[in-house]
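Bear in mind that the values here come from a model prediction, so they are computed numbers and not experimental data. Order of appearance sets the numbers: ligands from 1, and atoms from 1 within every ligand.
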Amino acid sequence: MSKTAMGASQKDFESAVNQMKLLKKDPGNEVKLKLYAHYKQATEGPCNTPKPAVFDLINKAKWDAWNALGNLPKETARQNYVDLVSGLSSSSDSSSQVKPEADRKQAGYETLVMTSEDGITKIMLNRPTKMNALTTQMYQEIMLALEAASKDDSTITVLTGNGSYFSSGNDLTNFVISPDELEERARRGAILLRDFVGCFIDFPKPLVAVVNGPAVGISVTILRLFDLVYASDRATFHTPFSHLGQTPEACSSYTFPSLMGPAKAAEMLIFGKKLTAAEACARGLVTEVFPDSTFQKEVWTRLKAYSKLPRNALRISKQMIRNHEKEKLHAINAEESRILQERWQSDECMNAIMNFLSRKAKL
Ligand SMILES: CCCCC/C=C/CC(=O)SCCNC(=O)CCNC(=O)[C@H](O)C(C)(C)COP(=O)(O)OP(=O)(O)OC[C@H]1O[C@@H](n2cnc3c(N)ncnc32)[C@H](O)[C@@H]1OP(=O)(O)O
């Protein structure tokens, strides 16, 4: 359907709304937000509801999209909605029976690649030239991806990295800010960290880390919140918090001592000892280590077999194992985030980051 001088009729609009309900292919978050915004504008006019809280990510993204339409007339919003749906329907009509890889990829993420196939949703960190260092945008996209994965019809969710690293942890340029912004940014950083870790604590389905290479910082500490951790023998596990003037996060101040004993946990979390994959496996942080040459093949064969197990049984068993600790983990997460909010404003932390950025220090 194309634009006419009269614009789309109410009947065209209603038919587009019905067509959307029949759409088989997920159009991705970006398009869904546009559709939502134009639907609201067409039916209710300019955005008229209070802005959701900053950590209510999904409702805030929806509100932002609607609010961005300003005073766009209802008729124009109706026409835009009809055009958007028409574009989606024709592209899904022309899709072939066997979907190519690009089609299975879900749109709407800039820093991740998210795919769903064979009962497995894979979230791949996708900043290989920066060793998958985690930017603010990436933390937010991972939360959105986990939220989507928790509701899709897959059995297992996997997090992995593209390129040679699993992840080099927090992107240290997240802290490159002027001194007058520091307090506010530290406050927002602590909220983001708490919400990010909270998504892993609450994730309802079996969650698997496919650790394809070295892992640093938060990409190590978060692993204890996964149900399976498979590692290549090329992977290393490094938490250099003290070197950075920082302190443990992702509940590791509690989970690591309970997993490996306080003496071994101290070696990692206080003194920054880097572990090989075999050492991490011996300490219970990693489930199994595979030779790098056969890593992907062996791991994905295993996961495809697991994904055929009864979905609800897997989910309920995961929740039974995890639920005992949930409340405690949320409390620890909040406390660790609060302590880091202070640390990020310390001279020790600022100096360490400046050293990294001026290349005086590398881990
Ligand atoms: C909301 C906030 C939540 C905060 C939660 C807190 C978490 C704490 C942590 O995660 S602490 C861990 C922080 N990570 C680091 O300290 C790692 C820093 N990086 C390095 O030491 C090295 O880059 C390396 C050892 C990971 C890899 O070294 P290598 O020599 O192999 O490669 P390069 O250094 O040349 O890296 C290639 C480019 O990638 C950039 N980069 C890598 N990691 C990070 C990072 N963590 N932050 C920012 N940038 C990173 C690196 O700068 C290179 O970029 P360039 O090509 O533009 O120079």
Would you please determine whether Pro240 falls within less than 4.0 Å of ligand 1 on a heavy-atom basis?
no
Using atom types as modelled and distance alone, determine if a side-chain donor or acceptor of Thr239 lies under 3.5 Å from a backbone N or O of Met268.
yes
For Arg187, the salt bridge (Lys or Arg N to Asp or Glu O under 4.0 Å) test, sequence neighbours excluded, returns Glu184
Just which atoms of ligand 1 are under 4.0 Å from any heavy atom in Thr129?
37 (C), 38 (C), 39 (O)
Is the NZ or CZ atom of Lys122 positioned over Trp300's six-membered ring, under 6.0 angstrom from the centre and within 45° of the axis?
yes
Can you tell whether the side chains of Lys11 and Glu14 come within less than 4.0 Å, N to carboxylate O?
no
Any donor-acceptor N/O pair, Glu249 side chain to Leu340 backbone, under 3.5 Å:
no
Between Phe295 and Tyr230, is the ring centroid distance below 6.0 Å?
no
Check whether any side-chain heavy atom of His38 sits under 4.5 Å from a side-chain heavy atom of Leu72, and report yes or no.
yes
When you measure from atom 25 (C) of ligand 1 to each heavy atom in Phe356, Phe241, Tyr165, Tyr139, which option holds the nearest one?
Tyr165
Min heavy-atom dist Asn174 to ligand 1 below 4.0 Å:
no
Show me which atoms of ligand 1 lie under 4.0 Å from any heavy atom of Gly189.
1 (C)
Which of the ligand 1 atoms, numbered from 1, are nearer than 4.0 Å to a heavy atom of Ala133:
44 (C), 45 (C), 46 (N), 47 (N)
Heavy atom under 4.0 Å from ligand 1: found in Ser168's side chain, backbone, both, or neither?
both
Between ligand 1 and Leu172, is the shortest N or O to N or O distance under 3.5 Å?
yes
What are the atoms of ligand 1, with element, lying closer than 4.0 Å to any heavy atom of Gly217?
9 (C), 10 (O), 11 (S), 12 (C)
For Lys264, check side-chain contact (heavy atoms from CB on, under 4.5 Å) against everything at least two apart and list the hits.
Met260, Glu267, Arg283
What atoms of ligand 1 come within less than 4.0 Å of a heavy atom belonging to Gly169?
10 (O)
Here the atoms of ligand 1 under 4.0 Å from any heavy atom belonging to Leu244 are 11 (S), 12 (C), 13 (C), 16 (O)
